[in-house]
2 protein chains.
Amino acid sequence: MKYQLDQDRELSAQIAEEIRSAIINGKLIVNERLPAESELCERFNVSRSTVREALKRLAAQNLTRTQRGATGGAFVNRLSYEDAYRQHITTSTLLISMNEVSFETACEARFALERSCIPLAAERRQPDHLAAMRAEIHRQAQPGLSDEVFCDSDVTFHRALVDAAGNPVISYQLAGAVEAMQPLMNMITFTERDRAKIILLHTQIADALEARDAFKTETTLGALAAYTLELARNVTARHVEKVAPPEKT
Amino acid sequence: MKYQLDQDRELSAQIAEEIRSAIINGKLIVNERLPAESELCERFNVSRSTVREALKRLAAQNLTRTQRGATGGAFVNRLSYEDAYRQHITTSTLLISMNEVSFETACEARFALERSCIPLAAERRQPDHLAAMRAEIHRQAQPGLSDEVFCDSDVTFHRALVDAAGNPVISYQLAGAVEAMQPLMNMITFTERDRAKIILLHTQIADALEARDAFKTETTLGALAAYTLELARNVTARHVEKVAPPEKT
DNA sequence: GGGTTTGCAATTGTCTGACAATTAAATGTC
DNA sequence: GACATTTAATTGTCAGACAATTGCAAACCC
C-alpha cells in the first residue's frame, strides 16, 4: 500500500485526490475514521502541513468532517441534502454570473427544467404544498412589499411547486435552476414587472395544480416564462436607449 | 477594514468563508489577485499555515487558482462549465450513493429531468447531434461489447440528446441527472437488460428527434424509463428470492 | 461497590521559522 | 539590441513546538 506521488502537481492536491477517490469508490465508507494526520504523514511521506492542507480541501467539499480530542480525527461525512443543495446553488450562481450567460439562455433553462416536475407534482401534490403556495401568493399581494421580499416569496413559491413532486432528487437538481436563477431574473426584471400579473399567474398555477391538471399547469408556467422574457427584453431595449453604444475603433 | 474572527470555529474556515463571500458578492472579480499569503497573515492576524489552509479550501471549490513565482499568488478563478460539470456530477453521485435513495426515486428524477430538454432539442437539433446519437447506437449494436463500454456509450447518447437543446445551462444542470445516475442505473440493470430493446428505443428517439417530433420523442423516452424501472424490479425480485431475509429479533 | 475526580494520552488547531522551487522583472554583458 | 545572469517576490514543503479539546481509565473517596 505504498503511494508514489509522481508529478509536479502540489502534494496536498494529489493526496486529497487520492483520498477523495477512495471515498467515491466506496473504499472509505460513511462515518469511517481516516488515519490520524501523523499516520497520513508517514503513509504519504510528507509533512503534517501538507496532510492538513489536503484534509482541508476535502472538508471544503463536505467530504470529511473533523473532531478534536482523543477519539477525534477526520471522518468521512455523509453528504446531506442540505449541504448538496447549498453547494449546488452556489456553483450554479457562480457559473451564471461568471460566464456571461444571456438572460434568454438562463430563463429558458430555468423554466424548461421546472416544467419537468409538473406531471409528478400534479399527481402527488399534498394540501400542505398547495397551502404553502397560496400563502406565498397572499404575501405577494400585500401592498408595500419590498422588491427583495417579493423576490424571496417568489422563490419560495416555486420551491413549493418543485417539492410537490415528492421526489427529493428532483428537488435537489432543480434547486440550481430555481434558487440560483430566479434571484438573477428578479434582479433584472423587478423594475418592469406587474406584480398583479405575476400573482394572477401564480394563482392559476396553484389552481391548476389543485385540480391535478398537469397540462394547464404547464401552459401557465409557460406563460410566466414568456412574460419574464418579455420583461427582460423591455429592460434591455430601455438600456440601449439610455446607454449610447461605445464606439471603439 | 478590520476582521474580527469571533467564535470558536476554525480560523481557516472563517477566513475561507470571508473570502468566499467576497467572491460571490462580486467584491473580488474574476482574475483579480488576492493579497499575498504574508499580507493575509497580517490582515487576519493569523499564521501562514492558517491562511494557507483557508486558501486550499477555496482552491478545492475551484474558486481560486494559485501560481508560484514573482508575480504569482492566488487569483479568483473563472468557474468554467467543465469544472462546474465535474463538481455537479461528483456531488450528485455522492448524494445518491450516501443517502439510500431508492432506485425508483432516482430513475423517476432522471427521466423527468431529461424530458425537459426535448422540446428545445426537437426544435434545434443539428446534424452533428443526430450523428453523435447514431454513432453511439451503432456502437451499442456491436457484438461482444463489455457492459462497461455499453454503459459509457449509453451515457454519451443521452448527453448528445441533452446537448441538442443547445442550451449550456440545461446541459450543465442535467449533467447531474444523466451522468451521475445513468451509471448507477446501469450497474443495477445490466444483468437483466435486453440490449436489442434499448437500441431499438434509442433508434426511435433519434428518429423522432430527426423528424422534430417532440411528442414522439417524449413518449419513447417515457418507454425507456418504464423499461428501466421494470428491469430494476425484476432484479430486486430475484434478489429477494436468493437472499433470505435476515431474521433479527 | 459505586460514584466522582483527576490525570493522561491522543488528536486536531495554530504558531514560528526555515528552506526549496518557481517565475517575472531587473540588471549586466557583449 | 539580444542574450545571459542576478535578484526579488511568492508559493510549496518541512520540522518542531505548544495550545485546545476530549474520551477514557486510573485513582480516589464514601
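Chain letters run A, B, ... following the sequence lines, proteins first, then strands; residues in each count from 1.
Evaluation of the salt bridge (charged side-chain N to carboxylate O under 4.0 Å, His left out) rule for Glu148(B) yields no partner, not counting sequence neighbours. Remark: Arg52(A) engages Glu37(A), Glu53(B) in a salt bridge (charged side-chain N to carboxylate O under 4.0 Å, His left out) (not counting sequence neighbours). Under the salt bridge (charged side-chain N to carboxylate O under 4.0 Å, His left out) criterion, Arg33(A) pairs with no residue at all, not counting sequence neighbours.
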* In the 5'-to-3' direction, what one-character label does each nucleotide of nucleotides 3-15 of chain C receive under the scheme B = base within less than 4.0 Å of a protein heavy atom, S = sugar-phosphate only, - = no such atom? -> -------BBBBBB
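Applying the salt bridge (Lys or Arg N to Asp or Glu O under 4.0 Å) test to residues at least two apart or on different chains, the pairs with a partner in residues 58-84 of chain B are Asp83(B)-Arg86(B). For residues 159-172 of chain A, the salt bridge (Lys or Arg N to Asp or Glu O under 4.0 Å) pairs, not counting sequence neighbours, are Arg159(A)-Glu179(A).
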